[in-house]
Amino acid sequence: MFILELLCGLVLFLFGMDLMGDALKKSAGSSLKTILGKMTSNPFKGFLLGLGVTAIIQSSSATTVMVVGFVSSGTMTLLQATGVIMGANVGTAVTAWLTALSGLNSASASGVVEALSWLKPSAWLPVVAVLGFLLYMFSKRGRRKDIGVVLIGFVILMTGMDIMGDSVGDLGEQLSVLFTIFGDIPVLGVLAGLVLTAVVQSSSASVGILQSLTLAGGITFGAAIPIVMGQNIGTCVTALISAFSANRDGKRAAMIHLYFNIIGVVVVLSAFYAINAIFHSFDGLIATAIEPFGVALVHTVFKIISVLIMFPFYRQLEKLACISIPDSKDEREEKTAMLDERLLSTPTVAVERATQVTYEMASISFDAFYKAVGLFDGEFNPRLAEEIRALEDRADKYEDAIGSYLVKISACDLSEHDSEQITKLLHLIGDLERVSDHAVNVLESKEEMTEKKLAFSAEAQRELSVMRAAVSEILTLSYDALVNNDLKKASDVEPLEEVVDDLRDRIKLNHVLRLQKSECTIEHGFVLSDLLNNFERVADHCSNIAGCVIEISKFDALDMHKYLDDIRQNGEEFDQKFELYKKKYQI
């Protein structure tokens with residue numbers, strides 16, 4: 001029976017992790033990245049964050065799982081996560097002291113433990129569930145609704161973790177006999193602590209079991225030390241399970257947690273027994289019976305020593321995780337061809353490289369959108385849907401890489417032309433990334449129609465084909481304007497964008513008329529409205545791209561509001577082009 005409960009918990013855990021990760025990608029805007037960036041701007045700040053959060057919620061597993069989610073969603077970098085993970089490992093030592101305190105018979109000690117137990121995730125999880133439900137149900141589409149999904153995903157994740165722990169509770173008690181059988185042999189003691197902690201899915205529970213066994217006597221410091229070491233490795237299992245549904249960087253974050261503890265155990269345990277073998281410094285300690293507070297002390301001292309040893313090598317820890325889970329061949333080739341920091345010594349060359357990579361990003365984003373609208377030409381293609389999402393993910397990585405590279409170039413001694421080009425690129429990459437986001441939105445509309453078996457009327461399909469053709473042309477114009485610095489094509493974008501706006505309004509009005517005649521349904525209207533809004537917003541981003549090209553090329557400045565006002569109010573040529581496009585894309 002416990003196997004079914006364990007599987008149920010595992011399914012909920014992985015589903016919650018996946019749900020939380022996807023929602024984080026949607027909700028993790030620049031503000032959240034900025035906040036986490038400031039809180040983890042250096043490894044020491046990240047360490048303090050992980051230490052504080054874990055000390056409060058009394059669960060390093062919950063902290064590391066959240067870190068895996070943040071890294072997987074791109075909200076936190078792998079390097080930022082390294083410090084947080086180290087802090088989480090030290091923060092969990094607080095729980096060992098609380099469980100030791102609960103072994104005292106005094107009423108005050110029991111009161112402190114009971115009061116602090118309200119800080120555990122299991123205590124406030126119902127509040128999070130209600131808050132997530134309210135945000136999801138009563139918020140319109142946007143950041144708040146996504147945050148609601150994040151909270152619901154976290155609740156499902158933690159519920160799955162609890163079910164897994166409860167399902168093997170009795171088994172954990174049975175396995176605790178390993179402590180007394182293998183404890184006197186260091187390697188077997190490590191293995192016993194590892195196995196029990198992996199089974200019960202909680203180092204806190206495993207440490208608590210060891211502390212309860214010490215009350216009966218018979219367990220020495222020599223037996224307890226390797227067991228505690230093994231428990232610290234076993235606690236990594238939860239993060240490793242969460243990484244199953246994470247992307248490559250999320251898996252690397254889980255590996256950092258594992259390597260931190262394995263290296264710490266190997267170094268500390270080897271040094272302990274080597275020193276004792278040479279100087280016999282710990283003979284008396286090894287033979288001394290241990291009590292609950294002694295277990296807590298060993299647990300804490302090991303954590304602190306591990307951090308002192310590993311903290312100076314946090315970058316190497318990140319590299320080790322990257323070596324363990326390498327990029328695919330395509331990604332390695334892509335990064336090799338991208339942005340080399342050695343070029344910063346010649347800023348002009350570096351700016352040119354960033355420019356070429358931005359053009360590649362434009363190609364990726366626009367290709368994603370072309371493929372997304374192509375889904376409406378026939379039956380839904382799951383393989384193409386996967387490809388579109390992969391392109392969107394690549395566009396996100398390009399934006400991060402280009403943005404970081406441009407900031408580094410900005411610190412160099414630049415010519416006026418290079419400085420203007422950096423300004424232009426920094427504005428462009430945001431619009432290019434948003435085009436790929438809208439491609440995924442269009443894909444999701446197609447998925448919704450397929451799932452609900454919806455089909456547009458012939459008239460709606462004809463109108464959408466006109467809109468698609470207009471948006472395809474505006475994408476082509478803006479791409480050519482960007483890559484070839486073609487000012488003529490750039491000047492054609494804005495009048496066509498006005499036509500796209502007009503098409504959106506006309507198609508929505510026609511839908512209302514068809515709705516009144518019962519030729520379609522409200523459900524069709526929701527999907528149609530989403531599609532039209534995404535088409536219109538892509539045209540807006542194309543307008544920004546073209547305007548940026550014109551403003552930088554003609555005026556060596558970037559004032560989009562002034563550009564749009566001038567082109568609309570003082571342009572006879574604009575009016576002529578608008579009428580030509582309006583006639584070309586009439587419905």
Side-chain angles (χ1 to χ4, degrees), residues 26 137 139-142 145 365-389 391-392 434-478 493 495-543 577-587:
K26 293 182 180 179
M137 291 298 296
S139 298
K140 296 180 179 179
R141 294 184 180 184
K145 198 175 188 73
S365 297
F366 289 6
D367 187 35
F369 196 82
Y370 287 135
K371 282 180 165 61
V373 296
L375 286 169
F376 287 84
D377 289 331
E379 296 295 323
F380 179 72
N381 186 338
R383 183 175 297 180
L384 185 57
E386 185 177 342
E387 185 178 342
I388 292 166
R389 287 194 166 93
L391 288 171
E392 191 272 337
R434 289 298 296 148
V435 170
S436 68
D437 288 344
H438 290 300
V440 173
N441 293 344
V442 171
L443 161 63
E444 289 173 348
S445 293
K446 178 62 176 179
E447 287 176 332
E448 181 180 353
M449 292 185 67
T450 302
E451 181 183 348
K452 296 179 179 179
K453 297 181 179 179
L454 299 177
F456 289 127
S457 65
E459 186 62 21
Q461 290 182 33
R462 186 189 66 80
E463 292 173 351
L464 274 176
S465 66
V466 174
M467 171 66 98
R468 283 173 51 187
V471 174
S472 294
E473 180 168 354
I474 203 171
L475 282 167
T476 302
L477 288 172
S478 58
V493 170
L496 183 51
E497 192 275 333
E498 291 282 330
V499 171
V500 170
D501 288 348
D502 188 54
L503 283 172
R504 178 201 57 189
D505 296 337
R506 287 173 178 269
I507 295 173
K508 283 187 176 182
L509 176 60
N510 289 345
H511 168 73
V512 172
L513 296 175
R514 288 192 294 271
L515 191 63
Q516 292 173 347
K517 298 176 182 178
S518 299
E519 295 176 358
C520 59
T521 66
I522 294 177
E523 201 166 21
H524 287 88
F526 288 145
V527 179
L528 181 64
S529 179
D530 285 344
L531 281 172
L532 293 174
N533 287 336
N534 280 291
F535 287 148
E536 188 272 332
R537 286 169 187 166
V538 166
D540 287 342
H541 291 299
C542 289
S543 172
K577 289 180 179 178
F578 173 77
E579 292 299 327
L580 286 173
Y581 281 126
K582 187 176 180 180
K583 184 177 181 180
K584 181 178 181 179
Y585 296 109
Q586 60 182 344
I587 56 175

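Taking I522 as the reference, L515, F526 meet the side-chain contact (heavy atoms from CB on, under 4.5 Å) condition, with sequence neighbours excluded. With sequence neighbours excluded, the residues that form a salt bridge (Lys or Arg N to Asp or Glu O under 4.0 Å) with K452 are E448, E523. The side chain to side chain donor-acceptor pair (under 3.5 Å) test applied to S472 returns no partner, not counting sequence neighbours. Remark: H511 pairs with no residue by the ring pair (Phe, Tyr, Trp, His ring centres under 6.0 Å) rule, at least two apart or across chains. In terms of the side-chain contact (heavy atoms from CB on, under 4.5 Å) criterion, residue partners of R504 (sequence neighbours excluded) are, by chain and number, M467, K508, L532, N533, E536. Remark: D502 engages R506 in a side chain to side chain donor-acceptor pair (under 3.5 Å) (not counting sequence neighbours). Under the rule for a side-chain contact (heavy atoms from CB on, under 4.5 Å), the partners of E459 that lie at least two apart in sequence or sit in another chain are S457, R462, E463, R514. By the side-chain contact (heavy atoms from CB on, under 4.5 Å) test, A439 is found to be paired with A368, F369, A372, I388, residues two or more places apart in sequence or in another chain being considered. Listed by chain and residue number, Y370 satisfy the side chain to side chain donor-acceptor pair (under 3.5 Å) test with T476 (two or more places apart in sequence, or in another chain). Legend: residues meeting side chain to side chain donor-acceptor pair (under 3.5 Å) with E579, ordered by chain and number and at least two apart, are absent. The salt bridge (Lys or Arg N to Asp or Glu O under 4.0 Å) search around R389 returns E447, not counting sequence neighbours.
Across all their heavy atoms, V493 and S478 have their closest contact at CG2-N, 4.0 Å. When all heavy atoms of K577 and P495 are compared, the pair lying nearest together is CB-CG, 3.8 Å.
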Which pairs of donor and acceptor atoms, one on a side chain in residues 376-387, lie under 3.5 Å apart (sequence neighbours left out)?
{"unit_1": "D377", "atom_1": "OD1", "unit_2": "R468", "atom_2": "NH1", "d": "3.1"}
{"unit_1": "D377", "atom_1": "OD1", "unit_2": "R468", "atom_2": "NH2", "d": "3.0"}
{"unit_1": "D377", "atom_1": "OD2", "unit_2": "R468", "atom_2": "NH2", "d": "3.2"}
{"unit_1": "N381", "atom_1": "OD1", "unit_2": "R383", "atom_2": "N", "d": "3.0"}
{"unit_1": "N381", "atom_1": "OD1", "unit_2": "L384", "atom_2": "N", "d": "3.3"}

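Between the CG atom of N534 and the OG atom of S445 there is a distance of 6.0 Å, given to the nearest 0.5 Å. Between the CD atom of E498 and the OG atom of S543 there is a distance of 8.5 Å, given to the nearest 0.5 Å. One distance of note links CG of L464 with CG of L503; it measures 10.5 Å at 0.5 Å rounding. Expressed to the nearest 0.5 Å, how far CD of E497 lies from NE2 of H541 amounts to 11.0 Å.
Here the side chains of F535 and I507 are not in contact, with every heavy-atom distance at 4.5 Å or above. Side chains of D530 and N441 form no contact here, defined as non-hydrogen atoms less than 4.5 Å apart. Counting only heavy atoms from C-beta outward, the side chains of L475 and C542 approach each other to under 4.5 Å.
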